[in-house]
Amino acid sequence: MTQKAVEPWFLNRELSLLKFNERVLAMAENRETPLLERLRYVCIVSSNLDEFFEIRISSLKAQQLQTPNLVGSDGLTPAEAFAKVEEATHALVARQYDLLNDEILPRMEHEGITLHHASEWNEAQQQWAHATFTRDVMPLLTPIGLDPAHPFPRVYNKSLNFIVPLSGTDAFGRKASIAIVQAPRALPRLLRMPSELSGRPDSYVLLTSLMRAFVGELFPGMTMAGCYQWRVTRNSDLFVDEEEVTNLRLALQGELSQRNFGSAVRLEIDKLTPPDLEHFLQREFSLGPQDTYRVNGPVNLSRLMQLCNVADRPSLLFPTYRAPVPAPFDRSLDPGEMFDAIAAGDQLLHHPYQSFQPVIDFLTAAALDPEVMAIKQTIYRTGEDSELMQILLAAARAGKEVTVVVELMARFDEQTNINWAAKLEEVGAHVVYGVVGHKTHAKMALVLRREKGRLRRYAHLGTGNYHPRTARLYTDFGLLTADAALCEDMDKVFSQLTGLGARRSLKSLLQSPFTMHDSMVALIRAEAQAAREGKKARIMAKMNSLLEEGVIQELYEASQAGVKIDLIIRGVCALRSGVPGLSENIRVRSLIGRFLEHSRVFYFHAQGKETVYLSSADWMDRNFFRRVEIAFPVNDKVLKKRVIDEAFTYALRDNQLSWQQQPDGNFTRVRSRGAPFSLHQYLIDRLGV
């Protein structure tokens with residue numbers, strides 16, 4: 001470094017992730033966001049925090065035990081980081097529940113969407129609630145009265161539970177003190193109340209309200225002093241020693257069965273829970289006050305997402321958007337015409353503004369076309385009811401050579417991928433699980449077709465998963481191509497994944513863990529050198545997360561050399577922007593809006609050549625060194641301009657969805673005096689119909 005800046009140079013990962021969730025919650029706080037979408041954002045934050053505790057907090061706790069004195073690049077020991085993270089998380093959760101109770105639920109009530117609490121039931125509602133509890137809930141409950149013969153039950157990760165203080169003596173002469181009641185996962189957390197009883201079009205009762213009102217019926221003859229909801233969050237990171245196992249799928253299935261019973265990392269309790277019961281639960285799970293969250297509402301807010309989906313209120317949601325199918329795929333094409341259209345020139349897709357259907361049609365054509373000999377594809381996340389996987393099954397049944405690289409270690413999708421792998425194997429597809437120690441995160445599909453006595457390759461490469469549902473919500477680029485160099489490189493990558501052999505040299509693709517990191521560093525350094533020579537230099541990069549310290553240091557060097565750098569980073573960013581003498585030429589923005597920004601795009605001016613790569617990889621250690629990733633160039637000049645405009649030019653004009661990072665790592669809203677400009681709405685209007 002040419003000049004030392006204020007330490008530390010790197011921001012804390014967990015605190016940065018919490019700041020991202022603060023920006024998501026700000027969408028719920030924004031009164032211009034449709035009401036049910038505001039509720040959805042509250043639920044998204046809740047779901048995000050669940051994973052945050054399951055993975056990141058678990059990691060921090062482990063670091064405190066294993067390396068308590070290690071000072072990280074953020075200048076914090078594990079204990080110091082944990083203290084800051086817990087303080088920020090408690091503040092975020094309090095803000096979340098305050099918003100829900102003080103603003104969103106009252107506004108929903110005004111719109112006729114009501115949560116009926118037991119204290120507000122009239123006689124008819126009380127009778128309905130009791131009948132519902134007796135008929136649908138009570139038969140499924142198993143109360144556990146704690147005594148030497150009935151120890152504390154094994155509690156499932158994030159399950160809804162109730163602690164019930166009791167007094168009295170039961171039929172066996174046992175003195176009662178505490179009972180635990182677990183809500184079966186099969187029970188809905190929201191029950192619709194008939195409108196003729198509620199007097200409102202959309203009325204619901206929480207399962208928690210039914211339990212509080214009638215749980216005493218589980219303990220006849222006993223005196224109940226209350227009923228308080230709680231849940232515990234557990235470490236859900238899987239550990240499979242891939243070097244030691246002989247069958248990864250079997251080993252992973254064994255580990256999955258224990259995922260929901262890992263060590264406890266968070267306790268959520270009803271705000272009215274008496275202190276003695278709070279301490280009792282804390283002792284049971286070896287948690288302290290800093291791990292305990294008293295909440296004013298459901299302990300699992302993400303379950304309220306149901307309200308966004310069941311209430312037929314289009315006026316309270318974002319306007320419906322149906323992505324168009326772009327030319328030349330906007331008409332019915334037979335398989336031969338599909339391949340002719342791709343052979344005529346590369347085709348760029350930008351989801352969700354443009355439909356994912358051409359990708360489905362491409363693979364359908366490959367499955368149906370008698371001239372197609374083989375299909376090779378990577379699968380990371382695809383969903384439980386995937387049309388795409390059904391196409392691959394049909395292709396294998398039709399006798400085509402189908403090779404699928406299924407990533408079994410895709411977090412929280414492991415069981416789904418195991419199930420698909422088994423189905424593919426049943427119909428004769430070649431199923432492999434990639435490379436031991438390296439998740440296969442690359443998004444690519446390769447089709448080999450016989451044309452005029454020779455094999456020709458066709459391909460799809462993307463920045464996002466082969467998941468049609470998320471393709472309607474996540475922004476991602478995809479490329480359909482017959483480019484010989486790209487397709488040949490893809491074939492080499494597939495060979496590496498399915499077989500054994502030395503590292504293969506690639507002409508066009510960058511690949512992790514081999515060439516991507518060094519190539520990105522070289523591209524950054526080239527811009528820095530151009531700036532030192534007084535030439536135009538420019539870097540723009542869009543990704544989900546920026547954490548890899550080597551790349552960050554190179555960006556700092558480039559900034560000091562005079563390179564203008566714009567980074568659009570949705571989530572975690574360890575880089576500090578705008579620090580004098582270190583990063584004053586770097587601007588970091590984050591866009592939070594209707595769609596989830598997910599594409600990875602890297603732009604380098606390259607002395608006027610304008611090099612553009614699309615990728616499956618963020619700039620993180622794991623993506624560079626512990627995953628199989630690819631970055632592919634956009635060579636067509638027209639498509640390259642589209643990517644630059646749609647990924648950067650319009651995004652940097654946005655003054656409605658954008659936040660800008662400050663040198664201390666905080667983000668402030670981007671507002672300008674000019675006309676309002678929303679990236680998402682602009683691309684809907686530009687690419688839609």
Closest contact, heavy atoms only, [X] versus [Y]:
X	Y	result
L141	P143	O-CD, 3.7 Å
D654	V670	O-CG1, 3.9 Å
M27	R38	O-CG, 4.3 Å
A213	A118	CB-CB, 4.3 Å
L304	C43	C-SG, 3.7 Å
T114	E109	CG2-OE1, 3.0 Å

Between [Y] and [X], does any NZ, NE, NH1 or NH2 come within less than 4.0 Å of an OD or OE carboxylate oxygen?
X	Y	answer
E103	R107	yes
E268	R231	yes
D202	R192	yes

Could you check if a side-chain atom of [X] sits within less than 4.5 angstrom of a side-chain atom of [Y], using non-hydrogen atoms only?
X	Y	answer
I269	Y228	no
F280	L146	yes
L281	L277	no
E597	L679	yes
L473	L596	no
L76	N12	yes
W230	I163	yes
L317	R40	yes

Check the pair D74 / L11 against side-chain contact (heavy atoms from CB on, under 4.5 Å), numbers first and verdict last. CA-CA 5 Å; D74 55 10; L11 298 167; over 6 Å; no
Can you measure from [atom1] ([X]) to [atom2] ([Y]) and round to the nearest 0.5 angstrom?
X	Y	atom1	atom2	value
I104	R31	CD1	CZ	10.5 Å
I568	S658	CD1	OG	7.5 Å
R313	L316	CZ	CG	6.0 Å
L15	T89	CG	OG1	8.0 Å
L287	S263	CG	OG	9.0 Å
N465	I379	CG	CD1	8.5 Å

According to side chain to side chain contact (heavy atoms under 4.5 Å, CB included), who are the partners of D136, at least two apart in sequence or on a separate chain?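 Here the qualifying residues are T132.
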Testing S16, S577, S590 one by one against Q661 for a side-chain hydrogen bond (donor to acceptor under 3.5 Å, both in side chains), which residue passes?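 Of the listed residues S16, S577, S590, the side-chain hydrogen bond (donor to acceptor under 3.5 Å, both in side chains) partner of Q661 is S577.
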Intermediate values then yes/no, side-chain contact (heavy atoms from CB on, under 4.5 Å), L92 and L18: CA-CA 8 Å; L92 178 61; L18 288 173; 4.2 Å; yes
Has [X] got a side-chain atom pairing as donor or acceptor with [Y]'s backbone, closer than 3.5 angstrom?
X	Y	answer
N101	N296	yes
T33	E29	no
T77	L70	no
S386	G383	no
R234	V155	yes

Please lay out, stage by stage, how V181 and I144 fare under the test side-chain contact (heavy atoms from CB on, under 4.5 Å). CA-CA 6 Å; V181 183; I144 305 293; over 6 Å; no
More than 12 heavy atoms from other groups under 6.0 Å of [atom1] on [X]:
X	atom1	answer
E120	CD	yes
E196	CD	yes
D385	CG	no
F82	CZ	yes

Do you see a donor-acceptor pair shorter than 3.5 Å between the side chains of [X] and [Y]?
X	Y	answer
N623	D618	no
Q662	T668	yes
N655	R671	no
Q125	S198	no
Q96	Y41	no
N161	S159	yes
N157	E54	yes
E217	H130	yes
H598	D476	yes
N666	K19	yes
R266	Y293	no

Go through it in stages, so that I can follow the logic: the residues are F52 and F20, the test is ring pair (Phe, Tyr, Trp, His ring centres under 6.0 Å), and I'd like the CA-CA distance, side-chain angles, deciding distance and then a yes or no. CA-CA 12 Å; F52 178 72; F20 161 68; over 10 Å; no
Do any pairs count as a ring pair (Phe, Tyr, Trp, His ring centres under 6.0 Å) and have a residue in residues 177-198, sequence neighbours left out, and if so which ones?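 Every candidate ring pair (Phe, Tyr, Trp, His ring centres under 6.0 Å) pair involving residues 177-198 fails, so no pair, neighbours aside, qualifies.
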Any pair with a residue in residues 273-293 that passes salt bridge (Lys or Arg N to Asp or Glu O under 4.0 Å), sequence neighbours left out, goes on the list, sorted by first then second residue, please.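 Listed once each, the pairs are K61-D291, E278-R294.
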Where do S47 and E51 land on the side chain to side chain donor-acceptor pair (under 3.5 Å) test, with the steps shown first? CA-CA 7 Å; S47 179; E51 184 172 343; over 6 Å; no
Lys/Arg cation over aromatic F10: R576, 6.0 Å, 45° cone: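 No, a cation-pi geometry is absent between R576 and F10.
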Do V137 and L187 pass the side-chain contact (heavy atoms from CB on, under 4.5 Å) test, and can you show the C-alpha distance, the side-chain angles, and the key distance before you say yes or no? CA-CA 7 Å; V137 178; L187 285 175; 4.0 Å; yes
Would you check, one step at a time, whether the test salt bridge (Lys or Arg N to Asp or Glu O under 4.0 Å) holds for R56 with E14? CA-CA 7 Å; R56 298 310 316 160; E14 284 72 30; 2.6 Å; yes
Give me the ring orientation class for F214 and F133: parallel if the planes are under 30° apart, tilted from 30 to 60°, perpendicular past 60°.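 It falls in the tilted class, 30° to 60°.
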Quick one: are the ring centres of F285 and F152 less than 6.0 Å apart?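 They qualify: ring centres under 6.0 Å apart.
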